[in-house]
Amino acid sequence: TPPELIRNFCIIAHIDHGKSTLADRMLQETGVVEQRLMRAQYLDRMDIERERGITIKSQAVRMPWAVDGSTHILNMIDTPGHVDFTYEVSRSLAACEGAVLLVDAAQGIEAQTLANLYLAMENDLVIIPVLNKIDLPAAQPEKYAEELAGLIGCDPAEVLQVSGKTGAGVPELLDRIVELVPHPVGDADAPARAMIFDSVYDTYRGVVTYVRVVDGGLSPREKIAMMSTKATHELLEIGVISPEPVPSQGLGVGEVGYLITGVKDVRQSKVGDTVTGAGRMATKALGGYHDPRPMVFSGLYPIDGSDYPLLRDALDRLKLNDAALVYEPETSAALGFGFRVGFLGMLHLEIVRERLERESGLDLISTLPNVEYEVRLDDGTVVEVTNPSEFPSGRIASITEPVVRSTILAPSEYIGAIMELCQTRRGTLKGMDYLSPERVEMRYTLPLAEIVFDFFDALKSRTKGYASFDYEPDGSQEADLVKVDILLQGDTVDAFSAIVHRDKAYAYGVQMATKLKELIPRQQFEVPVQAAIGARVIARETIRAIRKDVLAKCYGGDISRKRKLLEKQKEGKKRMKMVGSVEVPQEAFIAALSQD
Ligand code: GDP
Ligand code: MG
């Protein structure tokens, strides 16, 4: 297809504003998916995506659309909407010339609307503003057309109104895309350069890599090279998605499609990397490539210790499909053998954990998530700490922690509540703007550690659900942090150690000591539960002693009954872990580590 007839675009929106539903309507409207085969969220192929109603992996689909008698090719690139996957969103955007900025006509602009708009603007995309869900009785198209026009600096009359549900306005939107999105421009005679914007593992076909060709072309059976590693592979198959994979004779300038090389691991075909011809290599990679960087770390342990090999195999398998997943073996005195796993963020953690449990039938415990700290000692050594147990014991000169730049959007009546919350989370207000008299945008710098757990929930509950929130990494800052240990009868329980701000150390210590006092059954002797910073105890509870003699209840006589009781007691012991001489039921660990 000549580049003049190609349009590459994406749809960007705040979560739930209807991106996937609109994509469905476009597939139908262009005849790519027959009516009878249509199912909701056609492009969200993973079970977990369909159940949660979110898009995790990007998808690209090719649709024909005729305008003035000539058939154009529209390549729609669906993007994941969540901040954990911002890097993937930004690579998807870099594969496009235009973006449909979709806003729910009953909600207006939200935090991710802005975050995605800024990403699109950084990639120099032409923005097409669109209000969705105009079929809703609660829709206020005039009001929000004004808001949206104000944001991007156009006339409110230029804001299209559609309904992904009924299909109203969708053909007009497709026309508008052909009219306004510039066609791709590239050098057809130059050495091939194609950008990888997604890479997925398929059990039968190995890794399927999605690319956008910028210069030159790629054809089947040719040898290609990855520019970041110089690794070469043979192109076994090349094609387009419409909406199922269709092999083709090659991809030229501006085209979007998939490659199959037979590699089995997505890390050999990474998002952001540039594909070139091995015979005639390009000299300069397309910009922007970086390795995904884990932001949140947690220990993952099988509840049943004998499942450790299963967990290792499950992680190895998941890694084939998730280049951002990193892990290494770790042991905990309390939890046994497991892994320290790095994640892009909390949603990524939840998804990985859920997939491990679902796809391998494992029951897992995860330790308190933490971020990565840099600890500088008096003697000048610097230690990267992703696990509280690695926290150095030498004299500490300084510690830095990662921070994020965040945007919060909310009705202006909640400004006070939001400020209060951000204050308790050690935030610094960086700026504030009114989008309209009743809607405000607040910008905060916050420590990542303060938002990974429950910040979003706290924000929602303080604003009756009206606030939205987005963030991006913004370097690191020095902070007064300490490691708090939890001790049972003088022995540290490694799984409960945490790195926290000095002002919050006491609260953490009291909370854990109280929880454990309730969760750990009485023993034959008194058990002190302590929280300590180094050798200094900051909180203490005591589990009082009992004499637990089950046989005493039996009043002699019935031997078989006695035996049963003894056996029961033994069985109970199996699920106990010993911390020093204290028996701790497995459930106590799980309950103490759970977030609620
Ligand atoms: P995404 O998170 O942006 O992909 O949003 P979805 O497409 O998953 O839609 C979120 C919710 O909004 C779903 O319950 C959809 O059924 C609903 N929805 C999407 N578009 C429309 C629309 O045009 N009208 C109405 N009434 N509901 C819609
Ligand atoms: Mg979606």
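One-based numbering, in listed order, for ligands and for the atoms of each. Since this is a predicted model, take the numbers as computed values, not measurements.
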Can you see whether [X] engages [Y] through a side-chain donor-acceptor pair at a distance of less than 3.5 angstrom?
| X | Y | value |
| --- | --- | --- |
| N75 | N8 | yes |
| R62 | T1 | yes |
| H14 | D470 | no |

Considering the heavy atoms of L136, write down every atom of ligand 1 situated less than 4.0 Å from one of them.
-> 26 (N)

Ligand 1 atoms nearer than 4.0 angstrom to some heavy atom of T21 are 6 (P), 7 (O), 9 (O), 15 (C), 19 (C), 20 (N)

Looking only at heavy atoms, is any part of [X] under 4.0 Å from ligand 1, and if so is it the side chain, the backbone, or both, or is it neither?
| X | answer |
| --- | --- |
| A13 | neither |
| N132 | side chain |
| D16 | both |

State whether the number of non-hydrogen atoms from other residues, nucleotides or ligands found under 6.0 Å of D155 atom CG is greater than 12.
-> yes

Taking the six-membered ring for Trp and the single ring otherwise, decide whether the centroids of F297 and F343 are under 6.0 Å apart.
-> no

Between A138, G18, A139, P137, flag the one that comes closest to atom 5 (O) of ligand 1 by a heavy atom.
-> G18

Any idea which of H14, K19, K133 brings a heavy atom closest to atom 21 (C) of ligand 1?
-> K133

Should the pair Y327 and F339 be assigned to parallel (<30°), tilted (30 to 60°) or perpendicular (>60°) ring geometry?
-> perpendicular

Would one find an N or O of L22, backbone or side chain, under 3.5 Å from an N or O of ligand 1?
-> no

